[in-house]
Amino acid sequence: MAERQPGLDLIRVLALLLVVSFHAFLYNGYYHEAQQGVMMWLAGSFRWLSVACNGLFLMLSGYLGGRKTSFSHCRKMLLRVLLGYLLAAVISIPIRHFFLGDEQSFTTWFRRILTFRAVYYGWYVEMFLGLTLLSPFLGLLLERLQKPGELLSLVLVLLVLTALPGATTLDLAPDHWRILYPVTYYVLGAAVYRLQPRIHPLAGVGLTMLVALSLGAVTTLSTEGKLSEAFTQEFGDLWIVVMVLAVFCSLYRIPVGRRMGRLLRFAAGGCYGGYLLSHLLDSWVYAQFPKWCTPSGYIWLFLLVTIPVFLTSILSGRVLEDCTGWLLHRRKETVTWGQESKGM
């Protein structure tokens with residue numbers, strides 16, 4: 001059994017922190033503030049940094065699964081992801097219905113379960129399920145690309161199709177190519193596993209901060225105050241990809257002490273469930289601190305609200321993951337017992 005890499009757990013935990021931070025901007029008034037001044041430049045820079053969240057998760061998927069071509073592995077992943085989603089829905093629906101004012105009929109909630117809307121951030125589940133279904137075929141493709149040059153050529157083509165168009169305001173490629181960015185990140189993760197590139201952590205952090213601060217500056221300078229007029233980036237656009245790669249390649253093999261490694265492993269186990277359940281706090285907690293929902297108060301919101309939401313999400317996600325693991329274990333025991341009974 002391969003030794004667990006604590007750097008990957010660190011990336012997973014950091015990705016969830018960036019998810020919670022990205023969602024904080026939905027509730028802290030950022031989108032209604034004039035994009036002017038130093039404080040909004042810094043706030044916008046941190047927001048661009050947080051956009052790297054999904055790319056880190058997707059690169060992890062490619063790093064860990066890019067060489068797997070087994071459909072049985074795909075089936076196991078689908079079952080775990082779907083079961084985790086259903087458990088999150090069971091928790092979320094009563095809270096959203098009775099406490100968060102999202103009162104709907106039974107039929108509506110049932111329809112939302114089937115369309116992955118029972119959990120507020122269920123779109124990620126839809127996207128990840130599709131990527132999981134493709135993963136064996138992507139693995140077979142990557143297996144055929146034995147030479148580093150062939151692998152890097154595939155990476156370059158995907159970056160041109162999905163990431164480069166977002167680097168400028170020019171229409172370099174239609175949207176039906178740009179939305180394939182999950183495949184780009186998956187292949188990037190697989191390429192990192194194969195080639196094992198490394199960036200010094202300080203250099204990686206420095207490059208990431210430089211890109212984030214530059215994007216923040218471009219945002220404030222490309223508009224007279226309205227965010228809708230500014231130059232924007234999506235999850236898979238080139239400058240976001242640069243940040244994701246810099247963070248990933250500087251952290252995935254970083255040495256971590258034994259105690260910290262155990263803590264990261266525990267926290268990483270709650271990231272998927274924490275992602276799905278974080279909205280239950282997001283949707284009301286920021287409204288309890290209206291005085292901090294201003295550019296000068298964002299730092300206090302982050303320290304005293306966003307960080308507790310992140311930690312609570314980790315713990316609740318860990319409980320969800322433990323329940324998912326227990327149910328899968330029970331299912332395995334039941335199937336095994338049934339097979340043995342048939343053979344008797």
Side-chain angles (χ1 to χ4, degrees), residues 8 11-12 15-16 18-19 22-23 51-93 96 108-142 158 162 175-190 193 234-236 244 268-280 313 316-318 320-329 331-332:
L8 300 180
I11 291 173
R12 189 175 286 108
L16 181 62
L18 293 180
V19 165
F22 178 69
H23 292 156
V51 177
C53 56
N54 285 329
L56 290 172
F57 278 127
L58 293 169
M59 275 198 69
L60 276 168
S61 298
Y63 185 92
L64 294 170
R67 63 198 180 280
K68 296 178 180 178
T69 59
S70 168
F71 287 95
S72 62
H73 176 263
C74 173
R75 185 171 61 251
K76 291 176 182 177
M77 285 295 297
L78 289 173
L79 182 59
R80 178 172 288 275
V81 171
L82 282 171
L83 183 56
Y85 164 72
L86 290 174
L87 289 176
V90 168
I91 296 171
S92 296
I93 289 174
R96 292 176 65 182
T108 299
W109 280 120
F110 183 71
R111 186 182 299 114
R112 285 187 176 183
I113 291 175
L114 297 180
T115 57
F116 298 96
R117 298 299 179 269
V119 174
Y120 193 76
Y121 303 130
W123 73 269
Y124 182 83
V125 180
E126 287 183 289
M127 181 269 293
F128 189 74
L129 288 174
L131 187 60
T132 302
L133 287 170
L134 284 173
S135 62
F137 304 100
L138 292 174
L140 290 170
L141 171 63
L142 292 167
L158 288 172
T162 67
D175 287 343
H176 56 253
W177 287 121
R178 293 178 67 181
I179 59 178
L180 284 175
Y181 74 88
V183 175
T184 300
Y185 279 124
Y186 189 90
V187 172
L188 278 171
Y193 179 85
E234 302 295 337
F235 290 121
V244 171
C271 285
Y272 174 59
Y275 192 136
L276 298 181
L277 297 175
S278 61
H279 171 66
L280 301 179
S313 298
S316 59
R318 183 72 202 200
L320 185 72
E321 177 64 20
D322 288 345
C323 291
T324 302
W326 181 81
L327 289 173
L328 290 174
H329 181 70
R331 173 185 176 274
K332 183 177 180 180

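Source: prediction; values computed, not measured.
- The shortest heavy-atom contact between S92 and L277 is OG-CD2, 3.8 Å.
- In terms of heavy atoms, F235 sits closest to C53 at CE2-SG, 4.2 Å.
- Crowding of Y120 atom OH: a count of heavy atoms from other residues, nucleotides or ligands under 6.0 Å not exceeding 12.
- A distance of 11.5 Å separates NE2 in H279 from OG in S313, rounded to the nearest 0.5 Å.
- Taking 4.5 Å as the limit, some side-chain heavy atom of F57 sits within range of a side-chain heavy atom of V19.
- Remark: aromatic rings of Y185 and Y63 are distant, center separation not under 6.0 Å.
- To the nearest 0.5 Å, atom CZ of residue R112 and atom CD1 of residue I93 are 9.0 Å apart.
- Taking all atoms of both residues into account, the shortest heavy-atom contact from A89 to V119 is N-CG2, 3.7 Å.
- Within 6.0 Å of OH in Y121 there are more than 12 heavy atoms belonging to other residues, nucleotides or ligands.
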Review point. Do T108 and R111 pass the side chain to side chain contact (heavy atoms under 4.5 Å, CB included) test, and can you show the C-alpha distance, the side-chain angles, and the key distance before you say yes or no?
Key: CA-CA 5 Å; T108 299; R111 186 182 299 114; 4.2 Å; yes

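- Between the CG atom in L8 and the CG atom in L56 there is a gap of 11.5 Å [rounded to 0.5 Å].
- Side-chain contact check for I11 versus M59: every heavy-atom pair is 4.5 Å or farther apart.
- How far CG of L129 is from SG of C74: 9.5 Å, rounded to the nearest 0.5 Å.
- Closest approach of T162 and W177 over heavy atoms only: CG2-O, 3.1 Å.
- Considering only heavy atoms from C-beta on, V187 stays 4.5 Å or farther from L141 through its side chain.
- Panel note: side chain R75, backbone S70; no donor-acceptor pair is recorded below 3.5 Å.
- Separation of the F128 and Y272 ring centroids does not fall under the 6.0 Å cut-off.
- Relative orientation of the F137 and F71 rings is perpendicular, given thresholds of 30° and 60° on the angle between their planes.
- For the atom pair CD1 of I91 and CZ of R96, the computed distance is 13.5 Å after rounding to the nearest 0.5 Å.
- In terms of heavy atoms, S278 sits closest to H23 at OG-ND1, 4.3 Å.
- A pairwise comparison of heavy atoms in L140 and T69 identifies N-CG2, 3.5 Å as the closest pair.
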Exercise for review: Show your working on side chain to side chain contact (heavy atoms under 4.5 Å, CB included) between R67 and L142 and close with a plain yes or no.
Suggested key: CA-CA 7 Å; R67 63 198 180 280; L142 292 167; over 6 Å; no

**Study point:** Trace of the side chain to side chain contact (heavy atoms under 4.5 Å, CB included) decision for L131 with L138
**Key:** CA-CA 9 Å; L131 187 60; L138 292 174; 4.3 Å; yes

Practice item. Walk me through it: do L276 and L87 pass the test side chain to side chain contact (heavy atoms under 4.5 Å, CB included)? Key: CA-CA 10 Å; L276 298 181; L87 289 176; over 6 Å; no

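- To the nearest 0.5 Å, atom OG1 of residue T132 and atom CG of residue L79 are 12.0 Å apart.
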